[in-house]
Amino acid sequence: MMSVPSTASSSRGPGEAPSRGRHQSPNEEEMQTMDTSSNERNSLELASTIGFGGNVISGLHVHPDATHLIYPIGCNVIVENINTSQQKFLSGHTDQVTCLDVSKSGRFIASG
């Protein structure tokens, strides 16, 4: 059997487990290439979503008009037409949507 020397450097001592979940911070040059202007960040617009995770308990609702589904994905609430698959996005949350409800009339949607 042939042994191949490792090319990865290791700073751990004998018997020490490899560190996990530690990442090297990018240097200043890398930070500049990652930085985008505020205009570029604000110009991004959600076009459509695919899938439904089902992570929010009672998160999938059928609108009282029976032609729309309402469900959360990430920081958005999606209102999707069942017949045309057209989606509208309710945004404004800064964190994951964890609860969702629709009024009996369908006029109001509450999310948090």
Side-chain angles (χ1 to χ4, degrees):
M1 183 186 285
M2 190 162 141
S3 116
V4 179
S6 171
T7 58
S9 64
S10 174
S11 61
R12 65 180 189 265
E16 284 185 57
S19 63
R20 298 186 194 271
R22 294 183 187 161
H23 302 281
Q24 184 177 2
S25 298
N27 62 33
E28 190 172 328
E29 183 180 327
E30 291 170 325
M31 290 294 288
Q32 289 174 352
T33 57
M34 290 189 307
D35 189 28
T36 58
S37 71
S38 61
N39 289 340
E40 289 176 18
R41 284 182 288 206
N42 293 335
S43 68
L44 295 176
E45 187 176 313
L46 184 59
S48 66
T49 62
I50 298 173
F52 172 68
N55 296 330
V56 176
I57 297 171
S58 300
L60 179 62
H61 293 268
V62 177
H63 191 275
D65 69 6
T67 61
H68 292 89
L69 291 177
I70 303 164
Y71 53 93
I73 292 184
C75 300
N76 297 295
V77 174
I78 314 304
V79 180
E80 183 172 344
N81 185 305
I82 296 168
N83 300 319
T84 66
S85 298
Q86 182 180 9
Q87 297 175 332
K88 298 203 183 219
F89 309 102
L90 307 177
S91 59
H93 290 280
T94 57
D95 203 352
Q96 300 283 325
V97 175
T98 59
C99 57
L100 179 68
D101 206 357
V102 179
S103 66
K104 290 185 186 213
S105 68
R107 184 173 177 201
F108 300 103
I109 298 172
S111 61

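Predicted model, so just to flag it, every value in this text is computed and none were measured. Residues: numbered from 1 along the sequence shown.
- The two residues Ser111 and Leu100 make their nearest non-hydrogen contact at CB-CD1, 3.9 Å.
- If you chain together hydrophobic residues whose side chains sit under 4.5 Å apart, Val77 and Ile82 never meet in one group.
- Heavy atoms only, all atoms of each residue included: Thr49 and Gln87 are closest at N-OE1, 2.8 Å.
- Annotation for Pro64 and Ser103: closest pair CG-O, 4.0 Å, computed over non-hydrogen atoms.
- Contacts of His61 classified as side chain to side chain donor-acceptor pair (under 3.5 Å), with partners at least two apart in sequence or in another chain: none.
- Linking ILVMFWY side-chain heavy atoms closer than 4.5 Å, directly or via other members, places Val79 and Val62 in two distinct hydrophobic clusters.
- Sorted by first and then second residue, the ring-ring contact (aromatic ring centres under 6.0 Å, His included) pairs involving residues 69-96 (not counting sequence neighbours) are Phe52-Tyr71.
- Gly59 and Pro72 make their closest contact through O-CD, 3.1 Å (heavy atoms, listed as atom of the first residue, atom of the second, distance).
- By the criterion of side-chain heavy atoms lying less than 4.5 angstrom apart, applied directly or through intervening Ile, Leu, Val, Met, Phe, Trp or Tyr residues, Leu46 is not grouped with Leu90; the two fall into different hydrophobic clusters.
- The heavy-atom pair separating Val97 from Val56 by the smallest distance is O-CG2, 3.3 Å.
- Listed for the His63 side chain is no donor-acceptor partner under 3.5 Å among the backbone atoms of Leu69.
- Qualifying side chain to side chain donor-acceptor pair (under 3.5 Å) partners for Thr94, counting only residues two or more places apart in sequence or in other chains: none.
- Side-chain atoms of Glu80 and Ser85, non-hydrogen and from C-beta on, do get closer than 4.5 Å to each other.
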